[in-house]
There are 2 protein chains.
Amino acid sequence: MLAEERRFRIREILSGQRTITASDLCAALGVTAATVRRDLAALEQDGVLVRSHGGAVSRMSSTNFQPSYETLSHSHSNEKHAIARAAEHLVLDGETVFLEGSTTVFELARGLHQRNRLTVVTNSPTIVCQLQRSSGVTVLCTGGELQKDTFYFSGEWAQRALSEIRLDKAILGVSAIDLSYGVSTANHAEAQIKKMITRAAKTRIALADHSKFGTQTFAYVGPVADIDVLVTDSGTDPKYIKGLREAGVEVVVAACQETRKGPSKRTHSHK
Amino acid sequence: MLAEERRFRIREILSGQRTITASDLCAALGVTAATVRRDLAALEQDGVLVRSHGGAVSRMSSTNFQPSYETLSHSHSNEKHAIARAAEHLVLDGETVFLEGSTTVFELARGLHQRNRLTVVTNSPTIVCQLQRSSGVTVLCTGGELQKDTFYFSGEWAQRALSEIRLDKAILGVSAIDLSYGVSTANHAEAQIKKMITRAAKTRIALADHSKFGTQTFAYVGPVADIDVLVTDSGTDPKYIKGLREAGVEVVVAACQETRKGPSKRTHSHK
DNA sequence: TCAAAATCGATCATAAACAAACAAATTGAC
DNA sequence: GTCAATTTGTTTGTTTATGATCGATTTTGA
(Lines give C-alpha, C1' and ligand atoms only; values in the text may rest on other atoms or scores of the structure.)
Protein backbone atom coordinates (compact mmCIF):
# COMPACT_ATOMS: atom_id res chain seq x y z
CA MET A 1 0.00 0.00 0.00
CA LEU A 2 1.23 3.46 -0.83
CA ALA A 3 2.05 5.85 1.95
CA GLU A 4 -0.41 8.35 0.57
CA GLU A 5 -3.12 5.76 0.47
CA ARG A 6 -2.41 4.78 4.02
CA ARG A 7 -2.78 8.37 5.13
CA PHE A 8 -6.00 8.59 3.23
CA ARG A 9 -7.26 5.66 5.22
CA ILE A 10 -6.36 7.39 8.44
CA ARG A 11 -8.29 10.44 7.32
CA GLU A 12 -11.24 8.30 6.43
CA ILE A 13 -11.20 6.56 9.78
CA LEU A 14 -10.96 9.89 11.54
CA SER A 15 -13.88 11.31 9.62
CA GLY A 16 -16.06 8.54 10.99
CA GLN A 17 -14.79 8.49 14.53
CA ARG A 18 -13.27 11.45 16.24
CA THR A 19 -10.29 9.73 17.82
CA ILE A 20 -8.09 6.81 16.97
CA THR A 21 -5.43 4.93 18.90
CA ALA A 22 -2.04 4.21 17.42
CA SER A 23 -2.35 0.51 18.10
CA ASP A 24 -5.70 0.35 16.34
CA LEU A 25 -4.10 1.96 13.33
CA CYS A 26 -1.28 -0.57 13.39
CA ALA A 27 -3.81 -3.37 13.20
CA ALA A 28 -6.02 -1.67 10.63
CA LEU A 29 -3.20 -0.73 8.29
CA GLY A 30 -0.87 -3.65 8.85
CA VAL A 31 2.18 -1.58 9.66
CA THR A 32 4.32 -1.09 12.72
CA ALA A 33 3.95 1.58 15.33
CA ALA A 34 6.91 3.48 13.95
CA THR A 35 5.20 3.96 10.62
CA VAL A 36 1.94 4.95 12.24
CA ARG A 37 3.76 7.52 14.30
CA ARG A 38 5.40 8.92 11.19
CA ASP A 39 2.05 9.11 9.44
CA LEU A 40 0.44 10.81 12.36
CA ALA A 41 3.30 13.29 12.55
CA ALA A 42 2.87 14.11 8.87
CA LEU A 43 -0.87 14.49 9.17
CA GLU A 44 -0.47 16.65 12.21
CA GLN A 45 1.85 18.89 10.26
CA ASP A 46 -0.79 19.16 7.59
CA GLY A 47 -3.26 20.25 10.22
CA VAL A 48 -5.50 17.25 9.80
CA LEU A 49 -5.23 15.97 13.33
CA VAL A 50 -3.69 16.61 16.69
CA ARG A 51 -1.56 13.91 18.20
CA SER A 52 -1.93 12.85 21.74
CA HIS A 53 -0.31 10.13 23.75
CA GLY A 54 -1.47 6.82 22.34
CA GLY A 55 -3.22 8.14 19.26
CA ALA A 56 -4.67 11.21 17.66
CA VAL A 57 -7.74 13.43 17.58
CA SER A 58 -9.23 14.71 14.37
CA ARG A 59 -9.11 18.41 13.66
CA MET A 60 -11.20 18.28 10.53
CA SER A 61 -14.01 16.30 11.96
CA SER A 62 -17.22 18.13 12.49
CA THR A 63 -17.13 17.08 16.08
CA ASN A 64 -14.51 19.71 16.53
CA PHE A 65 -16.75 22.45 15.31
CA GLN A 66 -19.23 21.81 18.01
CA PRO A 67 -20.56 24.55 20.19
CA SER A 68 -18.40 24.94 23.20
CA TYR A 69 -20.93 26.11 25.69
CA GLU A 70 -22.87 22.91 25.89
CA THR A 71 -20.28 20.28 25.24
CA LEU A 72 -22.05 17.02 25.16
CA SER A 73 -19.27 15.35 27.09
CA HIS A 74 -20.66 16.29 30.44
CA SER A 75 -24.25 17.35 30.55
CA HIS A 76 -26.44 14.27 30.50
CA SER A 77 -24.37 12.62 27.80
CA ASN A 78 -25.57 9.14 28.65
CA GLU A 79 -29.16 10.20 28.45
CA LYS A 80 -28.60 11.96 25.18
CA HIS A 81 -26.90 8.92 23.73
CA ALA A 82 -29.81 6.76 24.74
CA ILE A 83 -32.36 9.20 23.35
CA ALA A 84 -30.46 9.52 20.09
CA ARG A 85 -30.22 5.78 19.69
CA ALA A 86 -33.92 5.33 20.31
CA ALA A 87 -34.87 8.11 17.93
CA GLU A 88 -32.59 6.69 15.28
CA HIS A 89 -34.95 3.77 14.82
CA LEU A 90 -37.76 6.16 14.00
CA VAL A 91 -35.93 7.30 10.89
CA LEU A 92 -36.42 4.88 8.03
CA ASP A 93 -34.45 4.43 4.86
CA GLY A 94 -35.96 6.24 1.93
CA GLU A 95 -37.46 9.00 4.00
CA THR A 96 -36.89 12.72 3.96
CA VAL A 97 -36.24 14.08 7.41
CA PHE A 98 -35.35 17.39 8.94
CA LEU A 99 -32.67 17.42 11.60
CA GLU A 100 -32.62 20.54 13.67
CA GLY A 101 -29.34 21.46 15.26
CA SER A 102 -29.01 20.53 18.90
CA THR A 103 -26.58 18.35 20.73
CA THR A 104 -28.98 15.44 21.01
CA VAL A 105 -29.94 15.60 17.36
CA PHE A 106 -26.28 15.80 16.54
CA GLU A 107 -25.77 12.52 18.36
CA LEU A 108 -28.52 11.07 16.25
CA ALA A 109 -26.99 12.32 13.02
CA ARG A 110 -23.83 10.44 13.81
CA GLY A 111 -25.84 7.25 13.83
CA LEU A 112 -27.26 7.88 10.36
CA HIS A 113 -23.85 7.59 8.76
CA GLN A 114 -24.41 4.20 7.21
CA ARG A 115 -27.92 4.74 5.92
CA ASN A 116 -29.06 4.36 2.36
CA ARG A 117 -31.42 6.48 0.30
CA LEU A 118 -31.96 8.87 3.15
CA THR A 119 -32.52 12.57 2.57
CA VAL A 120 -31.59 14.89 5.38
CA VAL A 121 -32.49 18.55 5.49
CA THR A 122 -30.95 20.64 8.22
CA ASN A 123 -30.23 24.17 9.33
CA SER A 124 -27.13 23.14 11.24
CA PRO A 125 -23.66 23.34 9.67
CA THR A 126 -22.44 20.89 12.25
CA ILE A 127 -24.86 18.24 11.06
CA VAL A 128 -23.90 18.90 7.46
CA CYS A 129 -20.25 18.33 8.32
CA GLN A 130 -21.16 15.24 10.27
CA LEU A 131 -22.93 13.67 7.31
CA GLN A 132 -20.85 14.99 4.46
CA ARG A 133 -18.97 11.74 3.99
CA SER A 134 -22.02 9.51 4.08
CA SER A 135 -22.47 8.33 0.56
CA GLY A 136 -25.97 6.97 1.12
CA VAL A 137 -27.35 10.16 2.60
CA THR A 138 -28.41 13.15 0.53
CA VAL A 139 -27.81 16.30 2.52
CA LEU A 140 -29.62 19.59 2.01
CA CYS A 141 -29.08 22.71 4.00
CA THR A 142 -31.46 25.61 4.37
CA GLY A 143 -28.71 28.18 4.45
CA GLY A 144 -29.27 31.55 6.02
CA GLU A 145 -27.46 33.65 8.54
CA LEU A 146 -25.48 31.81 11.15
CA GLN A 147 -26.62 32.57 14.67
CA LYS A 148 -23.51 32.91 16.77
CA ASP A 149 -25.17 31.76 19.97
CA THR A 150 -26.97 28.66 18.78
CA PHE A 151 -24.86 27.77 15.72
CA TYR A 152 -27.58 27.30 13.26
CA PHE A 153 -29.00 29.09 10.32
CA SER A 154 -32.01 31.30 10.41
CA GLY A 155 -33.19 34.33 8.54
CA GLU A 156 -34.88 34.86 5.24
CA TRP A 157 -33.04 32.25 3.23
CA ALA A 158 -33.69 29.60 5.83
CA GLN A 159 -37.34 30.48 6.12
CA ARG A 160 -37.94 30.45 2.41
CA ALA A 161 -36.20 27.12 2.02
CA LEU A 162 -38.39 25.69 4.74
CA SER A 163 -41.50 27.12 3.17
CA GLU A 164 -40.82 25.17 0.00
CA ILE A 165 -40.46 21.66 1.33
CA ARG A 166 -42.56 18.91 2.80
CA LEU A 167 -40.93 16.36 5.04
CA ASP A 168 -41.74 12.88 6.20
CA LYS A 169 -40.34 13.57 9.61
CA ALA A 170 -38.84 16.42 11.54
CA ILE A 171 -36.58 15.80 14.48
CA LEU A 172 -36.26 18.69 16.88
CA GLY A 173 -34.33 19.23 20.01
CA VAL A 174 -36.42 20.74 22.77
CA SER A 175 -34.89 23.18 25.22
CA ALA A 176 -37.95 23.64 27.41
CA ILE A 177 -41.22 21.78 27.65
CA ASP A 178 -44.14 22.32 29.96
CA LEU A 179 -47.46 20.52 29.86
CA SER A 180 -49.58 23.63 29.94
CA TYR A 181 -47.34 26.26 28.36
CA GLY A 182 -46.03 23.90 25.71
CA VAL A 183 -42.66 24.00 24.01
CA SER A 184 -40.52 27.10 24.26
CA THR A 185 -37.00 28.14 23.47
CA ALA A 186 -34.60 30.88 24.48
CA ASN A 187 -34.21 32.43 21.10
CA HIS A 188 -36.85 34.14 19.04
CA ALA A 189 -35.39 33.33 15.63
CA GLU A 190 -35.04 29.73 16.68
CA ALA A 191 -38.68 29.58 17.71
CA GLN A 192 -39.73 30.86 14.33
CA ILE A 193 -37.69 28.24 12.53
CA LYS A 194 -39.08 25.54 14.79
CA LYS A 195 -42.61 26.62 13.95
CA MET A 196 -41.93 26.42 10.25
CA ILE A 197 -40.36 22.98 10.55
CA THR A 198 -43.39 21.87 12.49
CA ARG A 199 -45.65 22.97 9.68
CA ALA A 200 -43.54 21.33 6.98
CA ALA A 201 -43.36 17.86 8.48
CA LYS A 202 -45.92 15.11 8.48
CA THR A 203 -44.53 13.57 11.66
CA ARG A 204 -42.90 15.69 14.34
CA ILE A 205 -40.43 13.98 16.64
CA ALA A 206 -39.12 15.85 19.65
CA LEU A 207 -36.09 14.89 21.70
CA ALA A 208 -35.92 16.04 25.30
CA ASP A 209 -33.98 14.67 28.21
CA HIS A 210 -35.54 14.74 31.67
CA SER A 211 -33.97 18.06 32.64
CA LYS A 212 -36.06 19.90 30.06
CA PHE A 213 -39.42 19.03 31.58
CA GLY A 214 -41.43 21.50 33.57
CA THR A 215 -39.44 24.46 32.28
CA GLN A 216 -40.43 27.51 30.30
CA THR A 217 -38.33 29.98 28.42
CA PHE A 218 -38.85 33.16 26.53
CA ALA A 219 -39.99 32.28 23.05
CA TYR A 220 -43.10 30.18 22.59
CA VAL A 221 -43.02 27.52 19.89
CA GLY A 222 -46.27 25.62 20.21
CA PRO A 223 -48.43 23.35 22.37
CA VAL A 224 -47.28 19.88 23.29
CA ALA A 225 -50.06 18.45 21.13
CA ASP A 226 -48.08 19.58 18.08
CA ILE A 227 -45.60 16.85 18.88
CA ASP A 228 -46.33 13.45 17.40
CA VAL A 229 -43.57 11.48 19.08
CA LEU A 230 -41.47 12.53 22.02
CA VAL A 231 -38.33 10.63 22.97
CA THR A 232 -36.95 11.07 26.43
CA ASP A 233 -34.87 9.17 28.95
CA SER A 234 -35.86 7.06 31.92
CA GLY A 235 -35.17 9.86 34.35
CA THR A 236 -38.27 11.77 33.37
CA ASP A 237 -40.99 12.13 35.96
CA PRO A 238 -43.89 9.77 35.02
CA LYS A 239 -46.40 12.56 35.52
CA TYR A 240 -45.04 14.34 32.47
CA ILE A 241 -45.16 11.16 30.41
CA LYS A 242 -48.73 10.59 31.50
CA GLY A 243 -49.68 14.15 30.69
CA LEU A 244 -48.11 13.98 27.27
CA ARG A 245 -49.88 10.75 26.43
CA GLU A 246 -53.16 12.28 27.47
CA ALA A 247 -52.45 15.11 25.06
CA GLY A 248 -52.09 12.56 22.28
CA VAL A 249 -48.30 12.44 22.16
CA GLU A 250 -46.61 9.10 21.65
CA VAL A 251 -43.85 8.91 24.23
CA VAL A 252 -40.75 6.74 23.81
CA VAL A 253 -38.64 6.25 26.91
CA ALA A 254 -35.07 5.36 25.98
CA ALA A 255 -33.35 2.95 28.31
CA CYS A 256 -30.12 4.37 29.59
CA GLN A 257 -28.17 1.14 29.66
CA GLU A 258 -24.66 2.44 29.98
CA THR A 259 -24.19 3.30 33.63
CA ARG A 260 -21.07 5.27 34.25
CA LYS A 261 -19.09 3.39 36.83
CA GLY A 262 -15.49 4.53 36.47
CA PRO A 263 -15.06 8.23 37.07
CA SER A 264 -12.91 8.57 33.95
CA LYS A 265 -13.57 5.84 31.48
CA ARG A 266 -12.79 8.06 28.53
CA THR A 267 -9.18 7.52 27.69
CA HIS A 268 -7.51 10.10 25.52
CA SER A 269 -9.05 13.18 26.98
CA HIS A 270 -6.07 13.93 29.09
CA LYS A 271 -6.13 17.65 28.55
CA MET B 1 2.29 0.27 -27.73
CA LEU B 2 2.57 3.98 -28.24
CA ALA B 3 3.50 6.27 -25.42
CA GLU B 4 0.29 8.21 -25.76
CA GLU B 5 -1.78 5.08 -25.62
CA ARG B 6 0.10 3.91 -22.58
CA ARG B 7 -0.59 7.13 -20.78
CA PHE B 8 -4.20 6.97 -21.74
CA ARG B 9 -4.35 3.52 -20.16
CA ILE B 10 -2.91 4.94 -16.98
CA ARG B 11 -5.62 7.58 -16.95
CA GLU B 12 -8.21 4.89 -17.44
CA ILE B 13 -6.88 2.81 -14.61
CA LEU B 14 -6.82 5.83 -12.34
CA SER B 15 -10.39 6.74 -13.11
CA GLY B 16 -11.41 3.40 -11.70
CA GLN B 17 -9.13 3.30 -8.70
CA ARG B 18 -7.74 6.19 -6.78
CA THR B 19 -4.20 4.91 -6.45
CA ILE B 20 -1.86 2.73 -8.45
CA THR B 21 1.58 1.34 -7.72
CA ALA B 22 4.44 1.67 -10.15
CA SER B 23 5.09 -2.06 -10.15
CA ASP B 24 1.46 -2.79 -10.99
CA LEU B 25 1.74 -0.44 -13.93
CA CYS B 26 4.88 -2.21 -15.09
CA ALA B 27 3.01 -5.47 -15.17
CA ALA B 28 -0.14 -4.03 -16.71
CA LEU B 29 1.65 -2.14 -19.46
CA GLY B 30 4.57 -4.48 -20.08
CA VAL B 31 7.24 -1.83 -19.70
CA THR B 32 10.03 -1.23 -17.25
CA ALA B 33 9.90 0.88 -14.15
CA ALA B 34 11.88 3.65 -15.81
CA THR B 35 9.23 4.11 -18.47
CA VAL B 36 6.46 4.04 -15.94
CA ARG B 37 8.22 6.70 -13.94
CA ARG B 38 8.58 8.85 -17.00
CA ASP B 39 4.92 8.45 -17.76
CA LEU B 40 3.93 9.29 -14.24
CA ALA B 41 6.16 12.35 -14.29
CA ALA B 42 4.51 13.53 -17.49
CA LEU B 43 1.03 12.93 -16.17
CA GLU B 44 1.87 14.72 -12.98
CA GLN B 45 3.02 17.68 -15.03
CA ASP B 46 -0.33 17.62 -16.76
CA GLY B 47 -2.06 17.71 -13.43
CA VAL B 48 -3.69 14.34 -13.84
CA LEU B 49 -2.13 12.70 -10.84
CA VAL B 50 0.16 13.23 -7.91
CA ARG B 51 3.15 10.96 -7.57
CA SER B 52 3.91 9.28 -4.34
CA HIS B 53 6.75 6.96 -3.44
CA GLY B 54 5.95 3.67 -5.12
CA GLY B 55 3.12 4.89 -7.31
CA ALA B 56 0.66 7.69 -7.81
CA VAL B 57 -2.66 9.06 -6.61
CA SER B 58 -5.32 10.31 -8.98
CA ARG B 59 -6.19 13.98 -8.92
CA MET B 60 -9.22 13.63 -11.09
CA SER B 61 -12.51 13.91 -9.28
CA SER B 62 -13.68 10.43 -9.94
CA THR B 63 -16.96 9.52 -11.50
CA ASN B 64 -18.21 7.84 -8.38
CA PHE B 65 -19.08 9.73 -5.27
CA GLN B 66 -15.65 9.53 -3.78
CA PRO B 67 -14.13 12.90 -3.07
CA SER B 68 -11.12 13.73 -5.17
CA TYR B 69 -7.58 13.75 -3.94
CA GLU B 70 -7.63 17.49 -4.06
CA THR B 71 -10.54 17.93 -1.70
CA LEU B 72 -9.17 15.59 0.89
CA SER B 73 -5.48 16.16 0.83
CA HIS B 74 -3.31 19.04 1.67
CA SER B 75 -1.10 18.58 -1.36
CA HIS B 76 1.06 21.56 -2.13
CA SER B 77 0.20 22.75 1.33
CA ASN B 78 3.14 25.12 1.48
CA GLU B 79 2.08 26.83 -1.70
CA LYS B 80 -1.51 26.97 -0.57
CA HIS B 81 -0.53 28.49 2.73
CA ALA B 82 1.44 31.17 0.98
CA ILE B 83 -1.37 31.91 -1.45
CA ALA B 84 -3.92 32.07 1.33
CA ARG B 85 -1.79 34.44 3.34
CA ALA B 86 -1.29 36.74 0.38
CA ALA B 87 -4.98 36.73 -0.50
CA GLU B 88 -5.92 37.45 3.08
CA HIS B 89 -4.59 40.96 2.74
CA LEU B 90 -6.98 41.58 -0.13
CA VAL B 91 -9.94 41.19 2.20
CA LEU B 92 -10.61 44.33 4.19
CA ASP B 93 -12.61 44.85 7.34
CA GLY B 94 -16.13 46.02 6.70
CA GLU B 95 -16.44 44.26 3.38
CA THR B 96 -18.84 41.60 2.23
CA VAL B 97 -16.99 38.73 0.60
CA PHE B 98 -17.89 35.38 -0.86
CA LEU B 99 -15.66 32.46 0.01
CA GLU B 100 -16.08 29.52 -2.29
CA GLY B 101 -15.22 26.15 -0.88
CA SER B 102 -11.81 24.83 -1.86
CA THR B 103 -8.82 23.79 0.17
CA THR B 104 -6.93 27.00 -0.51
CA VAL B 105 -9.89 29.20 0.33
CA PHE B 106 -10.35 27.16 3.46
CA GLU B 107 -6.83 28.08 4.47
CA LEU B 108 -7.72 31.67 3.90
CA ALA B 109 -10.86 31.44 6.00
CA ARG B 110 -8.80 30.27 8.90
CA GLY B 111 -6.91 33.54 8.77
CA LEU B 112 -10.06 35.66 8.92
CA HIS B 113 -10.85 34.49 12.41
CA GLN B 114 -9.89 37.67 14.17
CA ARG B 115 -11.49 40.13 11.79
CA ASN B 116 -14.07 42.71 12.68
CA ARG B 117 -17.19 43.82 10.86
CA LEU B 118 -16.60 41.31 8.10
CA THR B 119 -19.47 39.61 6.32
CA VAL B 120 -18.72 36.26 4.77
CA VAL B 121 -21.05 34.45 2.41
CA THR B 122 -20.13 30.91 1.46
CA ASN B 123 -21.44 27.72 -0.04
CA SER B 124 -19.08 25.56 1.98
CA PRO B 125 -20.15 23.99 5.28
CA THR B 126 -16.52 23.60 6.19
CA ILE B 127 -15.95 27.32 5.97
CA VAL B 128 -19.07 27.96 8.02
CA CYS B 129 -17.79 25.69 10.76
CA GLN B 130 -14.38 27.28 10.51
CA LEU B 131 -15.78 30.75 11.16
CA GLN B 132 -18.63 29.94 13.47
CA ARG B 133 -16.76 31.05 16.56
CA SER B 134 -15.52 34.31 15.11
CA SER B 135 -17.53 36.95 16.85
CA GLY B 136 -16.49 39.71 14.48
CA VAL B 137 -17.51 37.87 11.35
CA THR B 138 -21.09 37.59 10.17
CA VAL B 139 -21.52 34.30 8.35
CA LEU B 140 -24.15 33.58 5.74
CA CYS B 141 -24.55 30.35 3.89
CA THR B 142 -26.28 29.84 0.58
CA GLY B 143 -27.60 26.44 1.51
CA GLY B 144 -28.55 23.95 -1.15
CA GLU B 145 -27.75 20.36 -1.83
CA LEU B 146 -24.41 19.12 -0.64
CA GLN B 147 -22.23 17.76 -3.44
CA LYS B 148 -20.57 14.65 -2.15
CA ASP B 149 -17.50 14.94 -4.28
CA THR B 150 -16.61 18.56 -3.70
CA PHE B 151 -18.26 19.19 -0.32
CA TYR B 152 -20.12 22.28 -1.11
CA PHE B 153 -23.64 23.37 -1.75
CA SER B 154 -25.20 23.85 -5.12
CA GLY B 155 -28.67 23.54 -6.55
CA GLU B 156 -31.69 25.78 -6.61
CA TRP B 157 -31.44 27.18 -3.12
CA ALA B 158 -27.82 28.08 -3.59
CA GLN B 159 -28.47 29.70 -6.95
CA ARG B 160 -31.35 31.76 -5.71
CA ALA B 161 -29.39 32.96 -2.72
CA LEU B 162 -26.57 34.01 -5.02
CA SER B 163 -28.95 35.79 -7.34
CA GLU B 164 -30.10 38.03 -4.53
CA ILE B 165 -26.83 39.41 -3.30
CA ARG B 166 -24.10 41.79 -4.38
CA LEU B 167 -20.63 41.32 -3.00
CA ASP B 168 -17.58 43.51 -2.62
CA LYS B 169 -15.29 40.61 -3.38
CA ALA B 170 -15.52 36.98 -4.34
CA ILE B 171 -12.71 34.59 -3.64
CA LEU B 172 -12.73 31.47 -5.75
CA GLY B 173 -10.54 28.43 -5.92
CA VAL B 174 -9.57 27.51 -9.45
CA SER B 175 -9.16 23.89 -10.45
CA ALA B 176 -7.96 24.46 -14.00
CA ILE B 177 -6.85 27.55 -15.84
CA ASP B 178 -5.64 27.90 -19.39
CA LEU B 179 -4.81 31.15 -21.16
CA SER B 180 -6.90 30.49 -24.22
CA TYR B 181 -9.62 28.19 -22.89
CA GLY B 182 -10.04 30.11 -19.66
CA VAL B 183 -11.14 28.76 -16.31
CA SER B 184 -12.76 25.36 -16.10
CA THR B 185 -13.77 22.90 -13.44
CA ALA B 186 -14.54 19.22 -13.25
CA ASN B 187 -18.10 19.58 -12.09
CA HIS B 188 -20.97 21.12 -13.97
CA ALA B 189 -22.91 22.28 -10.94
CA GLU B 190 -19.78 23.86 -9.58
CA ALA B 191 -19.20 25.74 -12.80
CA GLN B 192 -22.68 27.17 -12.63
CA ILE B 193 -22.19 28.38 -9.09
CA LYS B 194 -18.87 29.92 -10.02
CA LYS B 195 -20.49 31.80 -12.86
CA MET B 196 -23.13 33.23 -10.55
CA ILE B 197 -20.58 34.29 -7.99
CA THR B 198 -18.63 35.98 -10.73
CA ARG B 199 -21.68 37.98 -11.68
CA ALA B 200 -22.53 38.95 -8.11
CA ALA B 201 -19.13 40.31 -7.11
CA LYS B 202 -17.58 43.62 -7.89
CA THR B 203 -14.06 42.26 -7.58
CA ARG B 204 -13.22 38.67 -8.46
CA ILE B 205 -10.19 37.11 -6.82
CA ALA B 206 -9.00 33.71 -7.99
CA LEU B 207 -6.59 31.47 -6.14
CA ALA B 208 -4.60 28.93 -8.13
CA ASP B 209 -1.36 27.17 -7.30
CA HIS B 210 1.11 26.45 -10.07
CA SER B 211 -0.18 22.95 -10.78
CA LYS B 212 -3.47 24.36 -12.05
CA PHE B 213 -1.97 26.27 -14.97
CA GLY B 214 -2.15 25.00 -18.51
CA THR B 215 -4.88 22.52 -17.65
CA GLN B 216 -8.41 22.17 -18.88
CA THR B 217 -11.28 20.23 -17.48
CA PHE B 218 -14.81 19.44 -18.43
CA ALA B 219 -16.99 22.35 -17.42
CA TYR B 220 -16.20 25.83 -18.72
CA VAL B 221 -16.55 28.71 -16.28
CA GLY B 222 -15.34 31.77 -18.14
CA PRO B 223 -12.41 33.55 -19.77
CA VAL B 224 -9.38 34.58 -17.76
CA ALA B 225 -10.32 38.21 -18.32
CA ASP B 226 -13.22 37.69 -15.92
CA ILE B 227 -10.70 37.49 -13.13
CA ASP B 228 -9.70 40.77 -11.54
CA VAL B 229 -6.94 39.50 -9.29
CA LEU B 230 -5.21 36.13 -9.43
CA VAL B 231 -3.04 34.92 -6.58
CA THR B 232 -0.58 32.13 -7.27
CA ASP B 233 2.72 30.81 -5.93
CA SER B 234 6.24 31.34 -7.13
CA GLY B 235 6.33 28.00 -8.93
CA THR B 236 4.13 29.21 -11.74
CA ASP B 237 5.68 29.47 -15.18
CA PRO B 238 6.30 33.16 -15.96
CA LYS B 239 4.71 32.77 -19.37
CA TYR B 240 1.33 32.26 -17.71
CA ILE B 241 1.79 35.29 -15.50
CA LYS B 242 2.74 37.36 -18.50
CA GLY B 243 -0.26 36.11 -20.46
CA LEU B 244 -2.63 36.87 -17.63
CA ARG B 245 -1.30 40.39 -17.22
CA GLU B 246 -1.72 40.99 -20.91
CA ALA B 247 -5.33 39.92 -20.50
CA GLY B 248 -5.77 42.60 -17.86
CA VAL B 249 -5.53 40.38 -14.80
CA GLU B 250 -3.67 41.64 -11.78
CA VAL B 251 -1.36 38.82 -10.72
CA VAL B 252 -0.07 38.44 -7.18
CA VAL B 253 2.77 35.97 -6.70
CA ALA B 254 2.89 34.72 -3.13
CA ALA B 255 6.34 34.05 -1.78
CA CYS B 256 6.64 30.53 -0.48
CA GLN B 257 8.93 31.32 2.41
CA GLU B 258 9.17 27.87 3.85
CA THR B 259 11.61 26.25 1.47
CA ARG B 260 12.10 22.57 1.90
CA LYS B 261 15.83 22.48 2.13
CA GLY B 262 16.99 19.85 4.59
CA PRO B 263 16.40 16.14 4.23
CA SER B 264 13.81 16.41 6.97
CA LYS B 265 10.82 17.30 4.86
CA ARG B 266 7.77 16.58 6.87
CA THR B 267 8.84 13.72 9.06
CA HIS B 268 10.90 14.33 12.18
CA SER B 269 9.01 17.37 13.21
CA HIS B 270 11.06 17.51 16.35
CA LYS B 271 9.99 20.72 17.91
C1' DT C 1 3.95 9.16 46.07
C1' DC C 2 6.11 5.20 43.54
C1' DA C 3 6.57 1.44 40.07
C1' DA C 4 5.06 -1.01 36.07
C1' DA C 5 3.42 -0.70 31.51
C1' DA C 6 2.83 1.61 27.47
C1' DT C 7 4.23 4.91 24.28
C1' DC C 8 7.44 8.05 22.40
C1' DG C 9 11.52 9.97 19.86
C1' DA C 10 15.79 9.01 17.86
C1' DT C 11 18.91 6.20 15.45
C1' DC C 12 20.33 2.58 12.39
C1' DA C 13 19.95 -1.15 8.84
C1' DT C 14 17.77 -2.79 4.88
C1' DA C 15 15.18 -3.08 0.94
C1' DA C 16 12.67 -0.73 -2.34
C1' DA C 17 12.16 3.09 -5.27
C1' DC C 18 14.20 6.99 -7.18
C1' DA C 19 16.94 10.21 -10.55
C1' DA C 20 20.37 10.66 -13.82
C1' DA C 21 23.41 9.24 -17.20
C1' DC C 22 24.19 6.30 -20.79
C1' DA C 23 23.29 2.60 -24.31
C1' DA C 24 20.21 0.33 -27.48
C1' DA C 25 16.27 0.28 -30.28
C1' DT C 26 13.01 2.70 -33.05
C1' DT C 27 11.39 6.24 -36.00
C1' DG C 28 11.31 9.67 -39.66
C1' DA C 29 13.59 12.71 -43.03
C1' DC C 30 16.63 13.16 -46.58
C1' DG D 1 21.09 3.68 -47.25
C1' DT D 2 22.70 7.56 -43.47
C1' DC D 3 21.84 10.67 -39.86
C1' DA D 4 19.47 12.85 -36.16
C1' DA D 5 15.77 12.73 -32.96
C1' DT D 6 12.98 10.17 -30.02
C1' DT D 7 11.89 6.49 -27.06
C1' DT D 8 12.93 2.69 -24.19
C1' DG D 9 15.87 -0.22 -21.33
C1' DT D 10 20.02 -0.63 -18.33
C1' DT D 11 23.27 0.74 -15.07
C1' DT D 12 24.81 3.47 -11.23
C1' DG D 13 24.69 5.81 -7.11
C1' DT D 14 21.29 8.30 -4.12
C1' DT D 15 17.13 8.89 -1.66
C1' DT D 16 13.14 7.24 0.73
C1' DA D 17 10.16 4.22 3.43
C1' DT D 18 9.90 0.93 6.78
C1' DG D 19 10.83 -1.95 10.74
C1' DA D 20 13.82 -2.95 14.75
C1' DT D 21 16.16 -1.35 18.73
C1' DC D 22 17.13 1.48 22.78
C1' DG D 23 16.70 4.90 26.21
C1' DA D 24 13.44 8.62 27.67
C1' DT D 25 8.98 10.06 28.72
C1' DT D 26 4.23 9.64 29.90
C1' DT D 27 0.31 7.32 31.70
C1' DT D 28 -1.88 4.38 34.89
C1' DG D 29 -2.98 2.11 39.04
C1' DA D 30 -1.99 1.18 43.68
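Within every chain, numbering begins at 1; the chains are lettered A, B, ... in the order of the sequence lines, protein sequences first and strands thereafter.
Nearest to the side chain of A:His53, among D:dT18, C:dC8, D:dA17, sits C:dC8. Checked against C:dA19, D:dG9, D:dT18, the side chain of B:Arg51 finds its nearest nucleotide in C:dA19. Picking from C:dC8, C:dC18, D:dT18 the nucleotide with the shortest atom distance to the side chain of A:Arg38 gives D:dT18.
Residue B:Ser52 is classed as a sugar-phosphate contact, given heavy-atom separations below 4.0 Å to backbone atoms only.
The phosphate of D:dT18 (OP1 or OP2) has a side-chain N or O of A:Arg6 nearer than 4.0 angstrom. Residue A:Thr35 places at least one side-chain N or O closer than 4.0 Å to OP1 or OP2 of D:dG19. Considering only side-chain N and O atoms, A:Thr32 lies nowhere under 4.0 angstrom from the phosphate OP1 or OP2 of D:dT18.
Atom P of nucleotide D:dG19 and atom CE of A:Met1 are separated by 11 Å, given to the nearest angstrom. Put simply, CG on A:Leu25 is 18 Å from P on C:dA6, counting in whole angstrom units. Taking atom CG of residue B:Leu29 and atom C1' of nucleotide D:dT7, one finds them 15 Å apart after rounding to whole Å. A straight line from CD of A:Glu44 to C1' of C:dC8 spans 13 Å, rounded to a whole angstrom. Here D:dG9 presents its C1' atom at 13 Å from CG of B:Asp39, a figure rounded to the nearest Å. The separation between A:Leu40 atom CG and D:dA17 atom P is 16 Å, rounded to whole Å. Atom-to-atom, CZ of B:Arg37 to C1' of D:dT8 comes out at 13 Å; the value is rounded to the nearest Å.
A:Lys212 and A:Ser175 share no side-chain donor-acceptor pair at under 3.5 Å.
Listed for the B:Asn187 side chain is a donor-acceptor partner under 3.5 Å among the backbone atoms of B:Glu190. For the pair B:Ser184 (side chain) and B:Ala219 (backbone), a donor-acceptor distance under 3.5 Å is absent.
Contact check for B:Asn123 versus B:Glu100: side-chain heavy atoms found under the 4.5 Å cut-off. You'll find the side chain of B:Val105 stays beyond 4.5 Å of the side chain of B:Leu172, heavy atoms only.
Mapping B:Ala33 and A:Ala33 onto DNA chain D by nearest heavy atom places B:Ala33 closer to the 5' end of the strand.
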